[in-house]
2 protein chains.
Amino acid sequence: MDATNHRPRQQVSCDACPLRKRQEFRDFSEDELAFMRRFKRGELTIDKGAAILQEGAHTPHLYTVLSGWAFRYKMMRDGRRQIVNYAMPGDMIGLQGSLMGEMQHSVEALSPMTLCVFERAELFGLFTRSPELAYDVTWIASREECMLDENLLTVGRRTAQEKIAYLVVFLWSRSVACGLTGRNVVDITLTQQHVADTLGLSLVHTNKMIRKLAERKLLTWSDGGCRILDLERLRRLAQWDDAIPAKRPFL
Amino acid sequence: MDATNHRPRQQVSCDACPLRKRQEFRDFSEDELAFMRRFKRGELTIDKGAAILQEGAHTPHLYTVLSGWAFRYKMMRDGRRQIVNYAMPGDMIGLQGSLMGEMQHSVEALSPMTLCVFERAELFGLFTRSPELAYDVTWIASREECMLDENLLTVGRRTAQEKIAYLVVFLWSRSVACGLTGRNVVDITLTQQHVADTLGLSLVHTNKMIRKLAERKLLTWSDGGCRILDLERLRRLAQWDDAIPAKRPFL
DNA sequence: CGGGAAATTGACATTAATCAAACTTAGTGG
DNA sequence: CCACTAAGTTTGATTAATGTCAATTTCCCG
């Protein structure tokens with residue numbers, strides 16, 4: 001698709017970054033672009049279901065999602081799993097590990113993905129050479145924190161049905177925020193087990209509550225995913241407060 | 001206590017910062033110290049129970065806790081409350097608001113506090129002038145994220161008794177990590193309502209489970225706070241995985 | 001000593017978890 | 001094209017965990 005053919009697995013240059021084009025993301029100055037070109041180590045293609053990072057590991061890398069979806073989770077020794085958040089285009093993966101040493105959570109792909117790869121060791125260099133980009137990294141970390149706060153409110157205080165409503169609106173809203181179509185469809189292939197593990201519910205109960213929301217004509221579950229029937233009522237049910245900024249930085 | 005007497009409410013200079021002396025926190029270079037002296041706007045004294053920040057507000061300030069404790073929480077319209085984390089000496093308050101514009105959570109003091117005050121508008125200046133300090137800010141944000149992940153696991157997947165055990169060990173561990181005595185005492189005056197709102201439990205059930213842990217001789221609840229009787233068993237019950245770094249940056 | 005906040009308790013209601021099974025779907029190999 | 005399988009979904013029955021309600025008690029604090 002690009003001009004340069006003969007190289008195997010040719011990666012997109014930062015100049016042609018598919019994310020930058022999207023109106024949801026901010027533009028880069030020429031300097032920033034130049035820096036990113038050097039900072040970028042390569043691209044990684046991941047299969048659906050593959051493990052991207054493992055709790056306890058020390059990776060030398062740091063990623064930004066170029067396409068696809070993943071989920072971030074923690075496990076207890078006896079197998080209980082808690083999904084803490086999802087990663088979508090424009091999100092960073094592994095920042096925590098870069099800063100704190102060891103990964104405290106695992107990440108797994110929910111779809112085929114392509115990631116932009118950076119060198120963890122060079123992160124400090126980014127702070128040295130581009131305060132703007134450093135500020136963006138912090139902004140991104142701060143946004144993550146914001147989402148986690150809300151997830152915590154959901155898991156701790158919403159009822160099962162509200163939880164599901166919240167999650168659906170959350171995922172839809174985020175997919176819109178990174179420029180994906182999402183006209184009332186949450187195009188993520190999610191298992192009800194994923195929903196359960198995100199919301200702190202059992203699989204069976206999750207299924208029953210999804211069924212109830214379907215009866216109420218708020219959504220449909222089909223093809224291993226969720227279709228929104230009545231966004232407005234879902235929002236109200238979840239007491240959704242929109243708080244998503246317009247233009248956002250990335251990487 | 002300081003040499004300079006006649007000024008009302010004389011604040012401590014960064015050179016004599018009470019946190020810096022503690023071995024738990026990292027040292028500053030002379031440059032960093034110089035920068036902080038200029039960055040610091042003043043000190044704020046807060047009463048127990050006072051609101052430090054309100055959800056939805058736009059404050060021009062950013063804080064670091066010098067002494068005392070606070071909790072960070074979100075509320076739903078119908079009054080349900082979720083405490084998402086606690087702030088202790090060395091923690092920043094309001095970073096999220098600084099980066100994202102509007103506060104997405106509120107903060108309330110659990111004890112008398114003194115805060116170090118910075119100008120939100122100058123945060124970017126910090127990134128420009130000191131990459132090291134900027135990196136520290138990001139590190140701190142990242143650590144917060146790490147705690148939130150674990151809290152999410154707790155609220156979502158631990159049972160009521162495990163939750164309480166977790167919270168007690170968590171608070172104790174954090175109080176140790178910022179250099180407070182905490183020899184088996186969690187010196188935070190917490191209400192059982194706070195515990196309930198942190199863990200996503202009802203007040204009544206929280207009380208009953210605390211009682212049960214007391215019967216099992218794991219802890220005592222007295223004087224509006226918690227005393228640890230058997231740290232090791234609490235850890236095991238909570239499946240606590242220690243993951244707290246030794247030397248940490250602040251502010 | 002009085003009053004209010006916090007803690008505690010018992011009875012009861014409800015939500016959600018667990019267990020066990022059946023069903024559906026998509027993919028696979030014959 | 002048809003078993004056959006595996007993963008995911010759905011259901012009903014039952015149990016366990018947690019929430020709600022309504023007092024009551026304890027403990028501070030002025």
Side-chain angles (χ1 to χ4, degrees), chain A residues 47-50 71 76 78-83 108 110-111 154-168 186 188-216 219-227 237, chain B residues 47-49 71 76 78-83 108 110-112 154-168 186 188-216 219-227 237:
Chain A
D47 287 337
K48 172 171 175 168
F71 66 97
M76 290 174 67
D78 57 14
R80 282 176 278 181
R81 179 174 77 168
Q82 177 68 39
I83 295 180
E108 183 179 318
L110 277 169
S111 72
T154 298
V155 176
R157 287 308 187 195
R158 284 189 236 252
T159 67
Q161 286 191 49
E162 290 171 348
K163 285 179 182 183
I164 294 169
Y166 169 79
L167 180 60
V168 171
V186 176
I188 308 178
T189 317
L190 267 190
T191 270
Q192 294 189 0
Q193 184 70 63
H194 289 127
V195 175
D197 287 346
T198 306
L199 301 173
L201 298 171
S202 73
L203 173 60
V204 174
H205 195 54
T206 299
N207 175 270
K208 286 173 180 167
M209 293 303 110
I210 287 178
R211 222 93 296 297
K212 203 155 259 178
L213 291 179
E215 271 173 33
R216 294 170 64 183
L219 54 75
T220 311
W221 191 274
S222 55
D223 308 321
C226 178
R227 180 173 305 264
L237 176 55
Chain B
D47 288 337
K48 172 173 176 166
F71 65 99
M76 290 175 66
D78 56 14
R80 282 177 277 181
R81 179 174 77 169
Q82 177 67 40
I83 295 179
E108 184 179 317
L110 277 169
S111 73
T154 297
V155 176
R157 288 307 187 195
R158 283 189 237 252
T159 67
Q161 286 192 47
E162 290 171 349
K163 285 179 182 183
I164 294 169
Y166 169 79
L167 180 60
V168 171
V186 176
I188 309 179
T189 316
L190 266 190
T191 270
Q192 294 189 359
Q193 184 70 63
H194 289 127
V195 175
D197 287 346
T198 306
L199 301 173
L201 298 171
S202 73
L203 173 60
V204 174
H205 197 239
T206 298
N207 175 271
K208 286 173 180 167
M209 293 304 109
I210 287 178
R211 221 92 298 298
K212 200 154 265 180
L213 291 179
E215 271 173 32
R216 293 171 64 184
L219 52 76
T220 310
W221 190 273
S222 55
D223 308 321
C226 179
R227 180 173 307 262
L237 177 55

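Chain letters run A, B, ... following the sequence lines, proteins first and then strands; every chain starts at 1.
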Side chain of A/Leu203 (C-beta onward), nearest among C/dC19, D/dT9, D/dT18: D/dT9
Quickly work out the B/Leu190 CG to C/dA7 C1' distance and round it to whole Å. 14 Å
State which of D/dT18, D/dG8, C/dA7 makes the closest approach to the side chain of B/Thr191. C/dA7
Rounded to whole Å, the CZ-C1' distance (B/Arg157 to C/dT18) equals 13 Å
Are any of A/Asn207's side-chain N or O atoms less than 4.0 Å away from OP1 or OP2 of D/dT9? no
Between B/Ile210 (CD1) and D/dT26 (C1'), how many Å, whole number? 16 Å
Looking at B/Arg211, does any N or O in its side chain come under 4.0 Å of the phosphate oxygens OP1/OP2 on C/dA7? no
Start with the C-alpha distance between B/Asp197 and A/Arg157, add both sets of side-chain angles, then the distance that settles salt bridge (charged side-chain N to carboxylate O under 4.0 Å, His left out), and finish with yes or no. CA-CA 8 Å; B/Asp197 287 346; A/Arg157 287 308 187 195; 2.6 Å; yes
Go through the steps to decide whether A/Leu237 and A/Ile164 satisfy the test side chain to side chain contact (heavy atoms under 4.5 Å, CB included), and finish with yes or no. CA-CA 10 Å; A/Leu237 176 55; A/Ile164 294 169; over 6 Å; no
Regarding A/Gly49, tell me which of base, sugar-phosphate or nothing describes its non-hydrogen contacts under 4.0 Å with the strands shown. nothing
With side chain to side chain contact (heavy atoms under 4.5 Å, CB included) as the test, would you mind laying out the steps for B/Trp221 and B/Val195 before giving the verdict? CA-CA 12 Å; B/Trp221 190 273; B/Val195 175; 3.8 Å; yes
In whole angstroms, how far is the P atom of C/dA17 from the CZ atom of A/Arg80? 12 Å
Is any side-chain heavy atom of A/Lys208 less than 4.5 Å from a side-chain heavy atom of A/Lys212? no
Distance check needed: C/dT15 C1' versus A/Leu201 CG, whole Å only. 10 Å
B/Lys163 atom NZ is separated from D/dA17 atom C1', nearest whole Å, by 10 Å
Between B/Glu215 (CD) and C/dT8 (C1'), how many Å, whole number? 13 Å
A/Lys48/A/Glu108 ion pair, N-O < 4.0 Å: no
Would you kindly compare B/Gln192 and B/Lys208 by the position of their nearest DNA chain C nucleotide and give the one closer to the 5′ end? B/Gln192
How long is the line joining CD of B/Gln193 and C1' of C/dA7, in whole Å? 11 Å
Selection from C/dA17, C/dT18, D/dT20 that lies nearest to any side-chain heavy atom of A/His205: C/dA17
